[in-house]
Amino acid sequence: MINNIAIVGMQWGDEGKGKIVDLLSKKSNYIVRYQGGNNAGHTIVIDKKKTILHLIPSGILHDKTICIIGDGVVVSPEFLIEEIKNINKSNISIKNRLFLSHNCTIILPYHIFIDRAREKFQGKSSIGTTEKGIGPAYEDQVARRGLRIGDLKYPNYFSKKLKEISIYYNSQLINLYNQEAIDYNFILENILKYKKQILEITTDTSSILINAKKKNKKIIFEGAQGSLLDIHHGTYPYVTSSNTTVSGIFSGTGLGPFKLDYVLGITKAYSTRVGSGPFPTELFNDIGNHFFKKGNEIGSTTGRRRRTGWIDLVLLSQSIQINSVNGLCLTKIDILDELEEIKVCIGYQSIDNKKITNIPCSICDWEKLVPIYKTLSGWKSSTLGINKFQHLPEEAKNFVYFIEKFTKISIDIISTGPDRNHTIILRNIF
Ligand code: IMP
């Protein structure tokens with residue numbers, strides 16, 4: 001019996017996790033975010049109405065699910081309250097349904113200013129972050145300098161600690177980045193405005209989850225970003241600052257190590273990435289442009305154009321390994337509808353024609369990779385909205401079979417469009 005599922009991105013994020021979490025939330029009791037922050041952008045379309053969530057788990061759109069923002073998430077109180085206000089406008093209530101861990105590290109305005117200043121300072125070699133202060137907030141966490149949500153209960157401690165942090169960051173802003181200092185009193189006053197509302201939803205979320213697990217409740221762990229942005233396993237240093245892979249669940253929820261019943265890896269039928277960093281199968285031609293236009297590949301958090309390219313089965317296989325994936329969900333297959341031919345990357349060679357068997361570590365090695373492609377026939381007909389596998393064109397089925405054969409993992413869900421109904425379910429997971 002499957003009681004818990006992890007839903008993780010196999011690429012560089014934006015694989016369409018939000019839609020799938022929403023879809024599976026119907027049969028689930030708890031949806032849990034365990035890492036990242038409001039750098040994420042999960043788009044859900046129901047009856048043509050689009051909702052984008054950044055911090056609140058995608059399950060919030062089902063009125064019976066309980067949503068948890070776990071210990072490993074970094075949280076901007078101001079942003080969270082704004083997001084709650086926005087979903088309230090759509091008549092979605094969070095009362096007794098949204099809980100925030102007291103252990104979450106707070107994103108302060110300093111983090112956002114430093115993130116921006118660094119990106120500007122680094123110029124061409126910048127990471128291309130979302131400038132939401134994610135990296136600096138995680139830095140504070142590991143440097144044991146951070147303020148946590150639970151600290152809001154203790155105003156004296158909070159303001160004392162904030163003062164120390166302000167000295168640290170203002171010195172960097174002034175001396176390293178030639179920026180103005182930020183007034184600590186202003187930040188304190190601002191954050192205290194949200195204190196009451198934040199503390200109303202703050203609790204020991206780890207206990208909630210431990211109890212839920214004891215009662216065999218159905219839990220979905222909703223990953224943010226993608227495995228190739230993982231701080232350890234991604235295309236370092238062009239990564240985010242958390243464990244986007246399933247390993248983040250154990251540290252980011254307080255549930256302790258346990259057996260995940262099922263890990264669903266989400267991959268697009270092609271690849272995209274926002275920000276800088278390695279992308280071996282990137283396209284700079286009409287096909288790349290087609291993916292951008294038809295796939296509406298614009299970042300839902302930053303509005304930036306996403307880079308586009310062919311699906312990379314070598315990297316997909318790595319993501320499958322590091323996440324112990326049980327089944328795949330292939331999204332946006334309909335974006336390939338018009339193509340005469342479809343390429344899939346099945347290996348790499350170096351620029352001097354040497355075969356490469358290992359995924360590189362150093363950024364200098366990534367630059368030497370040349371993808372080896374297998375070319376498959378396109379299907380040149382619409383798959384939009386198809387919800388039965390047998391109704392897919394033969395070439396589309398062959399594309400699916402090829403990925404399954406290469407990765408040795410079954411494709412259990414196929415998404416054929418943005419709506420909840422545009423989905424082929426090949427295996428009922430819950
Ligand atoms: P940060 O997470 O804002 O520090 O950004 C680090 C890298 O991760 C940048 O390349 C961002 O574009 C990327 N990134 C962060 N969040 C997302 C996401 O939700 N989708 C896609 N890329 C993301």
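Keep in mind that what you see is a predicted model, and the values were worked out from it rather than measured. All ligand and atom numbering here is 1-based and tracks the order in the structure.
For N39, heavy-atom contacts with ligand 1 shorter than 4.0 Å involve the backbone as well as the side chain. Contacts between Y238 and ligand 1, counted as non-hydrogen atom pairs separated by less than 4.0 Å, are absent for every part of the residue.
Considering backbone and side-chain N/O atoms, K132 never comes within less than 3.5 Å of an N/O atom of ligand 1. For ligand 1, the polar-atom distance check finds an N/O of T130 within less than 3.5 Å of one of the ligand's N/O atoms. Residue R304 has at least one nitrogen or oxygen atom sitting less than 3.5 Å from a nitrogen or oxygen atom of ligand 1, judged on distance alone.
The nearest protein atom to atom 5 (O) of ligand 1, hydrogens excluded, is given as T129 CA, 3.4 Å; this is a heavy-atom distance. Given atom 21 (C) of ligand 1, the protein heavy atom at minimum distance is D14 OD2, 3.1 Å. Atom 14 (N) of ligand 1 has L229 CD1, 3.8 Å as its closest protein atom, hydrogens excluded (heavy atom only). Distance from atom 2 (O) of ligand 1 to its nearest protein heavy atom, with residue and atom name: T240 OG1, 2.6 Å. Regarding atom 22 (N) of ligand 1, its nearest protein heavy-atom neighbour is V274 CG2, 3.4 Å. Regarding atom 6 (C) of ligand 1, its nearest protein heavy-atom neighbour is V239 O, 3.4 Å.
Between R148 and D151 no salt bridge is recorded (no basic side-chain N to carboxylate O distance below 4.0 Å).
Side chains of Q318 and H233: a donor-acceptor N/O pair is absent below 3.5 angstrom, by distance only. Side chains of E297 and Y270: a donor-acceptor N/O pair is present below 3.5 angstrom, by distance only. When only modelled atom types and interatomic distance are considered, K19 and T423 share a side-chain donor-acceptor pair under 3.5 Å. The closest side-chain donor-acceptor pair between H422 and N387, if any, does not fall under 3.5 angstrom.
Side chains of Y373 and T281 form a contact here, defined as non-hydrogen atoms less than 4.5 Å apart. Two residues are said to be in side-chain contact when any heavy atoms from C-beta on lie closer than 4.5 Å; T235 and W12 meet this criterion. For the pair I333 and S415, the minimum side-chain heavy-atom distance is 4.5 Å or more.
Within ligand 1, counting atoms from 1 as listed, the ones closer than 4.0 Å to a heavy atom of W12 are 21 (C), 22 (N). Near Q225, the atoms of ligand 1 lying under 4.0 angstrom from a non-hydrogen atom of the residue are 15 (C), 16 (N), 17 (C), 18 (C), 19 (O).
The nearest non-hydrogen atom to atom 11 (C) of ligand 1, considering only S126, G128, A40, G275, comes from G128.
Across I68, I149, L55, a single residue satisfies side-chain contact (heavy atoms from CB on, under 4.5 Å) together with L100, and that is I149.
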